[in-house]
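To start, the structure itself, in C-alpha cells.
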2 protein chains.
Amino acid sequence: MDYKQMEQSLKAVSDETRMLILKYLSKEALCICEFTELLDMTQPAISQHMRKLKQAGLICEEKRGRWTIWSLNREHALFAVLTSLLTMLPEPKRTVESLIAEGKKVNCS
Amino acid sequence: MDYKQMEQSLKAVSDETRMLILKYLSKEALCICEFTELLDMTQPAISQHMRKLKQAGLICEEKRGRWTIWSLNREHALFAVLTSLLTMLPEPKRTVESLIAEGKKVNCS
DNA sequence: TGCATACATAAGTAAACACTTATATAATGA
DNA sequence: TCATTATATAAGTGTTTACTTATGTATGCA
C-alpha cells in the first residue's frame, strides 16, 4: 500500500462521525435513513460521509429498492486494523435496539 | 479510548509527510535538521508536523544540547496499530544511510 | 398518473489545515 | 562577547473539510 492510499484511508477514518458510522457498521449493515436517527444529523451530511468512506474503499453499497444498504468492506487492506481500532471505542449511546423499540428501524434486508 | 482522542491520533497520522516521519522514527530517533534533508522541506514545516504528532502523544522529544531528538512513544495506546500500519508502507527513497554517506548525519546521540 | 420516500448532488460558508516568510530563543564555540 | 546553529513560534495565504440549504433523481405505492 502506498502513502497516498494510506493517507486517504486514514483521513476517511479520522473523523468522529465516520468512526461512529463504522462502529455501527461493524455490527450490521444499515441505510442512510437509519444513520440520520442514530447520529441525529441531516441526510445530506450522512450521504457525504458515506461517499468519503466509499471513495476510500472502506464500505460497500448495495441498492435494494429505495434503500442503499451500506456495509464494511471486509476485503480492504486495512480491514483488520480498522476492526482493532473500532473495538477500542466505546459503544455509542444511541443503539439500533433503541431504533427498533421506537419502531424506526427500516426493514431493508 | 474515546472518540475525540482516537480522532486526534488518527488525524495526526493521516498525512503523507507525517507518515514518512513516523516511518523514519520507527527505525531510529532523529532530529529536525535531519528531517529537513530526508524530506526536503523547510525547518518550520517539519517543526509544525512534530508539534502535531507530539500533541497527539505519538512521539516524545528529548532536548540534548542544541538538538531536539524525537522518537516514537511506545506507550501510546495506538503504538501497536501504528507499527502495523508503518510496516505496510514502502521504504522511503531517501535513507538515513544516504545522509551518512553525504556526511549530513548529525551525531546527536 | 401522481405523490411520498430514500438518497445523491450542488452551491455556499465557516473552520481547520499545511504550507510560507519572518522572527524569537537558546545553546555552542571561536 | 558575538556569530552560528538548531529549533520554536507567529502571522499570512491558499486549499481542504464538514456542514448547511436547495434541488435533482429514482423507486414504490395508492
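Convention: sequence-line order gives letters A, B, ...; per-chain numbering from 1.
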Given side chain to side chain donor-acceptor pair (under 3.5 Å), test A:S98 with A:R94 step by step and report yes or no.
-> CA-CA 7 Å; A:S98 69; A:R94 203 88 161 79; 2.8 Å; yes
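Closest approach of A:Q55 to A:Q8, counting heavy atoms only: O-NE2, 3.3 Å.
In terms of phosphate contacts, A:R66 brings no side-chain nitrogen or oxygen within less than 4.0 Å of OP1 or OP2 of D:dC29. In this model, the phosphate group of D:dT7 is not approached by any side-chain N or O of B:S47 to a distance below 4.0 Å at OP1 or OP2.
Whole-Å rounding puts the B:M41 CE to C:dC17 P distance at 16 Å.
Looking at B:E16 and A:K11, no side-chain N of the basic residue comes within less than 4.0 Å of a carboxylate O on the acidic one, giving no salt bridge.
Closest approach to the B:K52 side chain among D:dT7, C:dC17, D:dT20 is made by C:dC17 (side chain taken as heavy atoms from C-beta onward). Relative to the side chain of A:P44, the nucleotides C:dC7, D:dT20, D:dA6 differ in distance, and D:dT20 lies closest. For B:H49, taking side-chain heavy atoms from C-beta onward, the closest of the listed nucleotides C:dA8, C:dA18, D:dT7 is C:dA18. Closest approach to the A:K63 side chain among C:dA8, D:dT7, D:dA8 is made by C:dA8 (side chain taken as heavy atoms from C-beta onward). Here the nucleotide nearest the side chain of A:Q48, chosen from D:dA6, D:dT20, C:dA8, is D:dT20.
Checked by atom type, the side-chain pair B:Q43/B:S47 shows a donor-acceptor distance below 3.5 Å.
Side-chain N/O atoms of B:Q43 and base N/O atoms of D:dA6 include no donor-acceptor pair closer than 3.5 Å.
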